[in-house]
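What follows is a short report on a single structure.
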Number of protein chains: 2
Amino acid sequence: MDARVGTKMLDSCTILARPDDEERFPTSVCTDCAVRRDSLCGTLTDAELSRLHRLGRRRRLRRGEAFAWAGEESRGCANVLSGILKVSALTADGREQIVGLLYPSDFVGQPFVGSFEFTVTALGDAEICTFRKSDFEGFLSTRNGMTQALLCRTFDTLSDARRRMLLLGRQSASERIADFLLQTFERIGGCSASSNGPVTFDLPLSRGAIADVLGLTIETVSRQMTKLKVAGVIALPGGRAVTILKRDALRRMTDAA
Amino acid sequence: MDARVGTKMLDSCTILARPDDEERFPTSVCTDCAVRRDSLCGTLTDAELSRLHRLGRRRRLRRGEAFAWAGEESRGCANVLSGILKVSALTADGREQIVGLLYPSDFVGQPFVGSFEFTVTALGDAEICTFRKSDFEGFLSTRNGMTQALLCRTFDTLSDARRRMLLLGRQSASERIADFLLQTFERIGGCSASSNGPVTFDLPLSRGAIADVLGLTIETVSRQMTKLKVAGVIALPGGRAVTILKRDALRRMTDAA
DNA sequence: CGGAGAATTGACCTGATTCAAGAACTGTGG
DNA sequence: CCACAGTTCTTGAATCAGGTCAATTCTCCG
């Protein structure tokens, strides 16, 4: 990954990082960033982006590696480039609840806020574009537009968390599973949303992680999946693959009476 | 639309004449606003405040009255002046989960975001200071500082929601109750935090509302309270009053092994 | 005092967890 | 390519925390 333009044609984004910038940050180039358009950076003009670019570093995370630990002074922000990260909360005796999932183009971190009480970990190998918190804050301070964009994202994240609170507090295991399958499909399966035809995709989470998202146990997740399989609503071709056979049936189960 | 009631108060105190929900308050000026310091407005200079003041209206909400409905286009923002509001999510068949509580000085609404999927209702009589969303957005757009302040508040709200996700997904009924009692005391009981001495205060929520916050049923809430009473951890003098007798015992139950 | 809503209490039931055993993958090295 | 070890996933049986249903009992007010 270097600064050559044009490998990936992202419309008009033709900033040329100056050679000395390339040297100093050889692995951090925005022009061919896969999430340029969808990330928070999407709000920036090319000139602004090139300023921000100087503050960022790319970083690889191996499966299981943490980007932030609950309780520690948070010192960084980041955009997710590839892979999926989990944001999780833990009780003193080790029970875990995943309180958020971060997909490519999502933003992590809380500029202007001191502490971050959650742990952020890569579920599989991942790449992120990190900023020192103070740098990022400085940058934000001069761009109301970007602050606004981050505010909007945060509102969305909040709504998502609240929707999940309803799920955790009031929905049955089967409703939770149905919801999870649909949500995950919409997020990663792309929008081959078209009709109701069967769709197959790989779940990006292990059964254990799904349980931690849904506030269930591994066994319950597994049983509910088999139940759906037996009912002919989904198929489980093996591994982490799922085929949604009757999408409308799933949708009906989401909020059932 | 808004009939001007021209009793000249300080500067341009324009207030809606609809007597029912939008009343005129002789003290309806920011200068003697009870939550001036703690609310989002606390970030403003006097000059800015006086500009914002022209955009706001005070409004009384009677117990049970809604400020926003899930699904409807959100058209307002507000600061809570007095009383407590709930933010709640509902399933199709009527199960309810309270996903947030709003106390005086809290901000409600999502500027720059179209839809709001939750219902906001006054738990008891309440007063709020409302703004038309577009007005508020306009105001925010010219003040990066205030946008930042709102961003911080939103991060805090998000952290709170996530903490509650852990509670809903992974904690037992007794842990939930212990947590709720302590949190509520800290929020309303003021910080007579001092020692571990017994403290008495009124719960601002009915048993039913507590159940909807904690993802439990009324009966379970009631049973857990009696259990705590029998154990000598709290006393229930009657009505909605609670006395915390052994605060450290409660604290230990919060996250127990 | 009396009546309505709120809270408590009891008896029973059920959905999800727990504990325990196998089966199916995944990757590694021979 | 296969064997093997370490996971992860599935399935079964027993248990239990919390929910449901059904009475009372409080509390608040007119």
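Reminder, nothing fancy here: chain letters follow the sequence lines and each chain counts from 1.
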Next on the checklist: Tell me whether A:Arg164 is salt-bridged to A:Asp179, with the criterion being a basic N under 4.0 Å from an acidic carboxylate O.
Outcome noted: no
Next on the checklist: For A:Ser159 versus B:Phe118, what's the shortest heavy-atom pair and its separation?
Outcome noted: O-CZ, 3.6 Å
Checklist outcome for this item: Heavy-atom closest pair (A:Arg170 atom, A:Glu175 atom, distance to 0.1 Å) is O-OE1, 4.4 Å
Return a table of donor-acceptor pairs under 3.5 angstrom between the side chains of residues 220-239 of chain B and protein atoms on other chains or two or more places apart.
residue, atom, partner, partner atom, Å
B:Thr220, OG1, B:Thr217, OG1, 3.0
B:Thr226, OG1, B:Ser222, O, 2.6
B:Thr226, OG1, B:Arg223, O, 3.3

Checklist entry - When every nucleotide of nucleotides 4-17 of chain C is labelled 5' to 3' by its protein contacts under 4.0 Å (heavy atoms), B for base, S for sugar-phosphate only, - for none, what sequence of letters results? => result ---SBBBB----SB
Item to check | Inter- and intrachain pairs under side-chain hydrogen bond (donor to acceptor under 3.5 Å, both in side chains), touching residues 198-209 of chain B, at least two apart | outcome: B:Thr200-B:Thr243
Next on the checklist: Walk me through whether A:Leu61 and A:Leu85 qualify under side chain to side chain contact (heavy atoms under 4.5 Å, CB included).
Outcome noted: CA-CA 10 Å; A:Leu61 295 172; A:Leu85 316 199; 4.2 Å; yes
Item to check | Partner set under side-chain hydrogen bond (donor to acceptor under 3.5 Å, both in side chains) for B:Thr121, not counting sequence neighbours | outcome: none
Checklist entry - Any donor-acceptor pair under 3.5 Å linking the side chain of B:Glu72 with the backbone of B:Thr119? => result no
Checklist entry - Is B:Arg176 reaching over with its side chain to a backbone N or O of B:Leu214, donor-acceptor style, under 3.5 angstrom? => result yes
Checklist entry - Over its full length, what angle do the end axes of the helix from C:dC1-D:dG30 to C:dG30-D:dC1 make, each axis taken from five pairs and the result rounded to 10 degrees? => result 40°
Next on the checklist: Does B:Arg240, at its CZ atom, have more than 12 non-hydrogen atoms belonging to other residues, nucleotides or ligands within less than 6.0 Å?
Outcome noted: yes
Item to check | First and last nucleotide of DNA chain D, 5' to 3', lying under 4.0 Å from heavy atoms of chain A | outcome: D:dC9 to D:dA13
